[in-house]
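Read the structure below first, then the notes.
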There are 2 protein chains.
Amino acid sequence: MISNSSKYAIKAVLFLAIHSDEEHKIMVKDISEPINVPQAYIAKLLQELAKQKLISSTRGPKGGFYLSEEDKKRNVMDIVNVIDGEKRLNACLLSLERCNSDNPCPIHHLANQSRVVLMKKLKKTTINELALDVKKGKSKLPL
Amino acid sequence: MISNSSKYAIKAVLFLAIHSDEEHKIMVKDISEPINVPQAYIAKLLQELAKQKLISSTRGPKGGFYLSEEDKKRNVMDIVNVIDGEKRLNACLLSLERCNSDNPCPIHHLANQSRVVLMKKLKKTTINELALDVKKGKSKLPL
DNA sequence: TCTTAAATATGATTTAAATCATATTTTAGA
DNA sequence: TCTAAAATATGATTTAAATCATATTTAAGA
Ligand code: FES
Ligand code: FES
């Protein structure tokens, strides 16, 4: 449903939300270890996120990745969409071509409500909000 | 979240629920085509389901797969558990070792409710109920 | 009891996701 | 302007899931 890559991306972005800003950029090697994702792997994901403008970066010495204030207002779904593609979460749970209520598969009625609720929450929850939860101790980041 | 194999298994079991019983067994080759799953692939899955007693089968001429009345009372989650293993649906959505509310990952609060609701429904909905839906036209099987 | 039709057991191959590796480009600072 | 430190671009390798292939076992019916 959500790929491993997306999970890693979310972890990395949250890490940046908590520890970085315009003045405090962070290098991949200092991100990969605390979030427990191989450096070369998370590097590739961060590059993709940067290319799609979900996170910010600068090259060269003193460079690194960070989240601008704008970046922090992004929602979680944006990350999943960039890494996994838009279709993934909307796909039928039994692999029908299109999932819709007019031509529902046998478990559509069973599962669709949960999925809709989840997707709404992923869309309306910002990176900032999740980062705040972690800072307040309501959730834990080092995974 | 739910593997392809599990999806195929669910489709096959529902097909059996609708078209088979003790007196009307069905061969793999007559199952694979209507549910649109490669024969050798679904054969392997059906064999596993039969071994775990989720479906019934007999070998030799006139043999095939079918669902006994008992089999039809199974719930959907049983199938997923047999094919994917019990852990899969209970796993943390961000790949934490254990998912629990005492040590929640950043999206636990966001996602857990939806997952719990989904899992409850998967547990309490029987194969028979889903098959009835299809028969009544409330949902569609040929996928 | 022989033949044949079916599931079963087992393993090989393919494919897509995950992971790793490295040459290139940019930029800060000497 | 040179050097070094960082991201970027690109592609190779590995791994797990999906898919395919086939020899073996069982049972019905002639
Ligand atoms: S049609 Fe299958 S989940 Fe909607
Ligand atoms: S701890 Fe991550 S989903 Fe529960």
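Sequence lines set the chain letters: A, B, ... in the order given, protein chains first and strands last, and positions in each chain run from 1. Note that the structure is predicted; figures quoted are calculated from it, not measured.
Between Gln39(A) atom CD and dA7(D) atom C1' there is a gap of 12 Å when expressed in whole angstrom units. As rounded to whole Å, 14 Å separates atom P of dA7(C) from atom CG of Leu49(B). Here dA7(C) presents its P atom at 11 Å from CG of Leu16(B), a figure rounded to the nearest Å. Rounding to whole angstrom units, CD of residue Glu48(B) and C1' of dA9(C) are separated by 11 Å. Residue Ile55(A) contributes atom CD1, which lies 14 Å from atom C1' of dA6(D) at whole-angstrom precision. To the nearest angstrom, C1' of dA5(C) lies 13 Å from CZ of Phe65(B). In this structure, NZ of Lys29(A) is placed 18 Å from P of dC20(C), rounded to the nearest angstrom. Computed from coordinates, the Lys62(B) NZ to dT3(C) C1' distance equals 15 Å when rounded to whole Å.
Closest contact between the side chain of Pro61(A) and the listed nucleotides dT19(D), dA4(D), dA5(C) involves dA4(D). Minimum atom distance to the side chain of Ser57(B) is reached by dA7(C), of the listed dA7(C), dG29(D), dC20(C). Among the nucleotides dA7(D), dC20(D), dA9(D), the one closest to any side-chain atom of Met27(A) is dA7(D).
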remark   = Protein heavy-atom contacts under 4.0 Å, written 5' to 3' over nucleotides 12-18 of chain C as B (base), S (sugar-phosphate only) or - (none), form the string B-----S

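Side-chain polar atoms of Asp84(B) and Ser3(B) form a donor-acceptor pair below 3.5 angstrom. Under 3.5 Å, the side chains of Tyr41(B) and Ser5(B) contain a donor-acceptor pair of N or O atoms.
The base of dT25(C) is paired with the side chain of Arg59(A) by a donor and an acceptor separated by under 3.5 Å.
Minimum interatomic distance between Leu54(A) and Asp78(A) (heavy atoms only, all atoms of both residues): CD1-O, 3.6 Å. Between Asp71(A) and Ile127(A), the shortest heavy-atom distance links the atoms O-CG1, 4.4 Å. Nearest approach of His108(B) to Ser101(B), heavy atoms of both residues: NE2-OG, 3.5 Å.
A sub-4.0 Å separation between OP1 or OP2 of dA27(D) and a side-chain N or O of Thr58(B) is absent.
Residue contacts shown for Ile26(A) are limited to sugar-phosphate atoms, with no base heavy atom under 4.0 Å away. Within 4.0 Å (heavy atoms only), Lys25(B) reaches no atom of the nucleic acid at all.
The closest side-chain heavy-atom distance from Val82(B) to Glu48(B) is below 4.5 Å.
Summarising the geometry, atom CD1 belonging to Ile35(A) is positioned 10.5 Å from atom CD belonging to Glu33(A); distances are rounded to the nearest 0.5 Å.
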